2 protein chains.
Amino acid sequence: MEEAKKQVPRKKLSAEEIENALNDLDGWKIENVNLKKRFEFSNFAESLAFVNRVGAIAEAADHHPDIRFGWGYAEFSITTHDTGGLTKNDFDLAAAIENL
Amino acid sequence: MEEAKKQVPRKKLSAEEIENALNDLDGWKIENVNLKKRFEFSNFAESLAFVNRVGAIAEAADHHPDIRFGWGYAEFSITTHDTGGLTKNDFDLAAAIENL
């Protein structure tokens, strides 16, 4: 039997699950149903290099953050649009960015 | 005589100069003293590829936009922070992005 390509539906986390997951991360916060963090860098090139590393893991995970960046900073916002809430995928991506 | 490495001070453009410069661009608008445009793409990888091309010209010009991007879009905001207004450099960078 061929394995279905369709992704397993993503389960919206409860408030308690979100609180626990947030405790496992460093410096991330929730804002408008998005998991967010700002990173600081020394110049534009370093920001862009970090953004590209995040881009690679986002593509691998097929889960894509919204990114703001410029000279000396990069901010990531992660949510699961189709679920309308935060899911384990969001926290997994945040952890992967954290571990870069 | 050696040429000075210091950049020529950037002159804040007048309202009329801004209007004329804006007429030479396609789809850019002014918002909070920033020159802005949103581009649409088919997926995350295309957005990131475009952002990298903009990053290369920003580094070459030593003039860096603020960038927001994610799955299917990239938005650029350009201003000259030290001048506190729009300058020719901002419009030159916008034109270079436009011509990519």
Side-chain angles (χ1 to χ4, degrees), chain A residues 5 7 10 28 30-87 89-90 92-94 96-97 100, chain B residues 5 7 10 28 30-87 89-90 92-94 96-97 100:
Chain A
K5 277 197 177 173
Q7 283 192 313
R10 295 160 178 181
W28 291 79
I30 312 282
E31 229 180 79
N32 301 322
V33 201
N34 272 266
L35 194 53
K36 287 195 170 190
K37 186 171 179 177
R38 179 183 173 103
F39 294 81
E40 309 271 343
F41 302 96
S42 310
N43 53 42
F44 183 86
E46 283 187 15
S47 307
L48 179 56
F50 190 77
V51 161
N52 274 301
R53 295 173 69 197
V54 170
I57 61 172
E59 283 288 86
D62 195 19
H63 194 42
H64 303 93
D66 290 290
I67 299 173
R68 284 191 59 226
F69 80 99
W71 202 98
Y73 75 94
E75 289 174 6
F76 302 93
S77 295
I78 307 173
T79 194
T80 303
H81 293 282
D82 18 339
T83 308
L86 293 172
T87 65
N89 300 55
D90 299 321
D92 287 349
L93 180 58
I97 293 173
L100 275 179
Chain B
K5 275 196 180 170
Q7 282 193 316
R10 294 159 178 182
W28 291 79
I30 312 283
E31 228 180 79
N32 301 322
V33 201
N34 271 267
L35 194 51
K36 287 195 168 189
K37 186 172 179 178
R38 179 183 172 103
F39 294 81
E40 309 271 343
F41 302 97
S42 309
N43 54 41
F44 184 86
E46 282 188 16
S47 307
L48 179 56
F50 190 77
V51 161
N52 274 299
R53 295 173 70 197
V54 170
I57 62 171
E59 283 289 85
D62 194 20
H63 194 41
H64 302 94
D66 290 290
I67 299 172
R68 284 189 60 225
F69 80 99
W71 203 98
Y73 74 94
E75 288 174 7
F76 303 94
S77 296
I78 307 173
T79 194
T80 302
H81 293 282
D82 18 339
T83 307
L86 293 172
T87 65
N89 300 55
D90 300 320
D92 287 349
L93 180 58
I97 293 173
L100 276 179

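Below, chain A is the first sequence line, B the second, and so on; all start at residue 1. Computed from a predicted model, the values in this text were never measured in an experiment.
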Residue pair B/Pro65 / A/Phe44: nearest heavy atoms and the distance that separates them: O-CE1, 3.9 Å
Which donor-acceptor pairs lie under 3.5 Å between chain A and chain B?
residue	atom	partner	partner atom	Å
A/Asn52	OD1	B/Asn52	ND2	2.8
A/Asn52	ND2	B/Asn52	OD1	2.8
A/Asp66	OD1	B/Tyr73	OH	2.4
A/Ile67	N	B/Phe69	O	2.8
A/Ile67	O	B/Phe69	N	2.8
A/Phe69	N	B/Ile67	O	2.8
A/Phe69	O	B/Ile67	N	2.8
A/Tyr73	OH	B/Asp66	OD1	2.4

For B/Ile67, which atoms come within 4.5 Å of any heavy atom of chain A: side chain, backbone, both, or neither? both
